[in-house]
Amino acid sequence: MNSRQRLRIALAKGRLYQPAVACFGRAGVRLDPDPGRRLLIPSSDPAIDFLVVKPADVAVYVESGAADLGVTGTDILRESGADVLEPLELGFGICRLVVASPAEDSWPQRPGGQTARVATKYPRLAWGHFARAGRPVEIVTVNGSVEVAPLLGLAHWIVDLVDTGNTLKANGLVERETILTIGAVLVANRASQKLKLDQHLALMRRLESAESAAPKEG
Ligand code: PRP
């Protein structure tokens with residue numbers, strides 16, 4: 001089969017990986033749910049293979065055309081600002097990006113009118129949120145375990161994802177504002193969608209009908 005007919009799909013390691021594998025499985029495209037150290041994975045469909053990368057890299061591979069399609073969360077996608085198409089919401093990975101602060105805070109005031117320091121993995125989205133609200137903040141970018149930042153004095157507030165709310169609660173934090181509702185989406189390379197339109201449409205039809213039959217989250 002020549003490369004004009006094949007589709008390579010980038011999947012994110014981490015919390016979206018298993019739901020994405022299940023979603024493709026419902027659409028009749030089966031792949032190994034435990035790829036181990038392999039980064040390129042074949043599927044039950046000889047015209048489709050998968051690439052497993054860090055979540056922030058899905059949009060990079062798709063924007064560049066190294067992958068035709070990808071599955072990523074809208075949190076990372078909006079943060080990256082990547083120029084990709086978003087043809088389909090996939091209905092899983094639903095959570096929200098929020099501002100949270102310690103329960104004992106007199107939100108949103110800072111003692112002595114101090115500028116709030118905000119720890120986050122999403123500096124661009126956090127900046128946008130506070131800039132739109134006309135509230136000056138300092139952003140501290142971290143790569144994970146954001147909820148510990150207020151406990152250790154690294155920041156006053158955090159901007160992070162909330163799903164069950166357990167992590168906030170376990171760290172004495174309270175959700176104050178919702179910035180965005182997040183979910184998994186199928187993203188597509190612009191040129192690939194033109195050149196391989198039939199393959200893109202056929203896959204999207206399979207995913208759509210599989211998802212309309214799937215149990216809904218939340
Ligand atoms: C995510 C997110 C929160 C947590 C929210 O972290 O950043 O920390 O999940 O989930 P909850 O509301 O159900 O508790 P992740 O597990 O991806 O790890 P990280 O903190 O290292 O980014």
Side-chain angles (χ1 to χ4, degrees), residues 9-24 33-37 39 41 50-62 70-82 86 89-105 107-108 116-130 137-187 214-218:
I9 304 174
L11 296 184
K13 292 177 189 177
R15 70 185 182 93
L16 292 184
Y17 184 74
Q18 295 294 345
V21 169
C23 169
F24 280 100
D34 178 15
R37 303 296 298 172
L39 302 177
I41 308 173
F50 290 86
L51 172 70
V52 184
V53 295
K54 291 209 166 178
D57 292 338
V58 169
V60 176
Y61 278 89
V62 174
V71 173
T72 186
T74 45
D75 52 336
I76 289 177
L77 187 60
R78 304 278 174 268
E79 181 66 26
S80 76
E86 278 175 62
E89 289 180 9
L90 294 171
F92 59 84
I94 310 294
C95 55
R96 54 201 185 277
L97 185 71
V98 308
V99 184
S101 82
E104 64 276 12
D105 253 19
W107 170 268
R117 269 197 317 279
V118 182
T120 186
K121 291 181 276 187
Y122 304 94
R124 176 182 167 124
L125 294 175
W127 264 121
H129 173 74
F130 290 108
V137 293
E138 274 174 45
I139 304 283
V140 182
T141 305
V142 292
N143 286 309
S145 308
V146 182
E147 291 86 352
V148 82
L151 289 176
L152 300 182
L154 175 67
H156 303 103
W157 304 340
I158 66 164
V159 165
D160 200 18
L161 296 187
V162 173
D163 179 8
T164 61
N166 291 340
T167 313
L168 285 187
K169 203 168 166 197
N171 291 287
L173 300 173
V174 172
E175 194 173 329
R176 305 293 186 178
E177 292 168 350
T178 300
I179 299 178
L180 272 181
T181 299
I182 305 296
V185 286
L186 186 73
V187 291
K216 292 285 164 268
E217 275 189 11

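Model, not experiment: these values are computed from the prediction. Indexing begins at 1, ligand by ligand and atom by atom, following the structure's order. The figures that follow rest on heavy atoms only: side chains count, while hydrogens, waters and symmetry mates do not.
The CZ atom of Arg15 sits 7.0 Å away from atom CG of Asp163, with the distance rounded to the nearest 0.5 Å. Here the CD1-CG distance, from Ile182 to Leu77, works out to 9.5 Å after rounding to the nearest 0.5 Å.
For the pair Gln18 and Phe92, the minimum side-chain heavy-atom distance is 4.5 Å or more.
Closer than 4.0 angstrom to ligand 1 lie heavy atoms from Lys121, Gly144, Ser145, Glu147, Asp160, Leu161, Val162, Asp163, Thr164, Gly165, Asn166, Thr167.
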Let's go through Val58 and Val53 carefully: what are the C-alpha distance in whole Å and the side-chain angles of both, what is the deciding distance for side chain to side chain contact (heavy atoms under 4.5 Å, CB included) to 0.1 Å, and is it a yes or a no? CA-CA 6 Å; Val58 169; Val53 295; 3.7 Å; yes

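Between Phe24 and Phe50, the ring planes lie perpendicular to each other; the angle is over 60°, past the 30° to 60° tilted range.
Side chain of Arg78 to backbone of Arg124: no donor-acceptor contact under 3.5 angstrom is found.
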